[in-house]
K.L.:
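Quick one: structure below, then a few questions.
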Amino acid sequence: MAVAAVFFSIAGWLTLVEMYGTIHAALAFGGIYLVLALLLFYVPVRPRVPVTPVPASAPVGSMIEAFLAGRAAGEAMRKE
């Protein structure tokens with residue numbers, strides 16, 4: 001697809017230069033490539049997944065308990 005785009009660009013450039021001149025051909029191709037770049041930039045490739053809201057923070061006490069339980073489990077595994 002990229003090779004075809006290059007060949008079509010060259011053919012279009014040569015045609016526009018012969019018909020309208022270098023400045024008009026450069027403006028036309030610059031505009032075409034700008035529009036293509038903006039379309040590729042703004043049109044998402046994959047659908048956006050909605051972000052789930054972060055739950056309210058858990059109480060510090062339960063976080064400490066979970067940490068200590070994990071630490072105790074790790075020490076128990078190490079002793080075995």
K.L.:
How would you list, by chain and number, every residue that makes a side-chain hydrogen bond (donor to acceptor under 3.5 Å, both in side chains) with Ser9, sequence neighbours excluded?
P.N.:
Tyr33
K.L.:
Using 0.5 Å steps for rounding, measure from the CZ atom of Phe29 to the CD1 atom of Ile10.
P.N.:
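Answer rounded to 0.5 Å: 9.5 Å.
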K.L.:
Table please: side-chain donor-acceptor pairs of residues 12-19 below 3.5 Å, with sequence neighbours left out.
P.N.:
| from | atom 1 | to | atom 2 | distance (Å) |
| --- | --- | --- | --- | --- |
| Thr15 | OG1 | Ala11 | O | 2.8 |

K.L.:
Going by the rule side-chain contact (heavy atoms from CB on, under 4.5 Å), which residues pair with Leu68 if we only count those two or more places apart in sequence or in a different chain?
P.N.:
Ile64, Arg71
K.L.:
Same hydrophobic cluster for Leu36 and Val6, using side-chain heavy-atom links shorter than 4.5 Å among ILVMFWY?
P.N.:
yes
K.L.:
Phe7: which other cluster members, linking ILVMFWY side chains closer than 4.5 Å, directly or transitively?
P.N.:
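For the cluster that includes Phe7, the remaining residues are Val3.
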K.L.:
Check for me, please, whether Phe41 and Val35 land in the same ILVMFWY cluster - side-chain distances under 4.5 Å, paths through other members count.
P.N.:
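Not linked; separate clusters.
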K.L.:
Kindly give the cluster partners of Leu27, where membership spreads through any ILVMFWY side chain lying under 4.5 Å from a current member.
P.N.:
Ile23
K.L.:
Please list, chain by chain and in numerical order, all residues satisfying side-chain hydrogen bond (donor to acceptor under 3.5 Å, both in side chains) with Tyr20, sequence neighbours excluded.
P.N.:
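Applying side-chain hydrogen bond (donor to acceptor under 3.5 Å, both in side chains) to Tyr20 gives none.
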